[in-house]
Structures are given as C-alpha cells and as structure tokens.
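These notes are about the structure you will find just below.
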Amino acid sequence: TTVTLDKHNIFEVEVHRLGDDVLSSLAPTYRAVAEDRSMMTMLNVMLPPPTPHHQLHHQSVKLQLNAGDGGCFPLHFDSDAAVDGRRVTALTYLNPGWTEGDGG
C-alpha cells in the first residue's frame, strides 16, 4: 500500500513525469541533469556492487520547492524495497546563502 504524505508548503514533481515540451521550454537545465548518468556511473565504479544485479541501472530526478512557512518533509524513509529499488538518494540545495547550519 502506498501512503501519500501531506507536505504543507512543499511542491514537487518528478522530472520524468513532465512532458518534453515543458522540459524543453521551462526546465532545460533539469532535463540535462536527469539525462546525465555520470553520478550513477561513478557510483558503480567507485563503490562496486557485489554482483552485476546490484549495479545502479536507473535514476530519477525530483524537483522540489519548499515555500517556507513551516514547509518541511515529515519524518520518512526514502525507499522501501517492497515499493522500489532505490538505493541512493542525493540532495542538492540551490538556496542562495544556504549553509550547513541550515540543516537538510
């Protein structure tokens, strides 16, 4: 069973769910990030899996805007083996002036 979490003041979309026209006109940089496989390739090279079956073969990019006013994720796990095969989550903060003390 999939449970949807209420995320007050958080707006998100998975890049692969956007149409090509939207990506080309509004988010070309994010399209390039979604199509770039260098991080996945380097993870497979630098952290070799025990078997080829365990190699990383798929990636997805999610865009998220936290609109403030208490907008934050509820406590959660990023992956559930019963739902998906995700093994790595990488976060990139694009907030101007963000520092490690801000958390995340």
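Numbering starts at 1 and runs along the sequence shown. Not measured: the values here are computed from a predicted model.
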Under the side chain to side chain donor-acceptor pair (under 3.5 Å) definition, can you give me all pairs with a residue in residues 38-47, not counting sequence neighbours? Asp36-Ser38
Listed partners of Gln55 passing side chain to side chain donor-acceptor pair (under 3.5 Å), at least two apart: none
The criterion is side-chain contact (heavy atoms from CB on, under 4.5 Å); which residues satisfy it with His54, sequence neighbours excluded? Pro49, Pro50, Thr51, Arg87
Rounded to the nearest 0.5 Å, how far does NE2 of His57 lie from CZ of Arg37? 12.5 Å
Taking all non-hydrogen atoms of both residues into account, name the closest pair between His58 and Met40 and its distance. N-SD, 3.5 Å
Within one Ile-Leu-Val-Met-Phe-Trp-Tyr cluster: Met39 and Leu56, side-chain cutoff 4.5 Å: yes
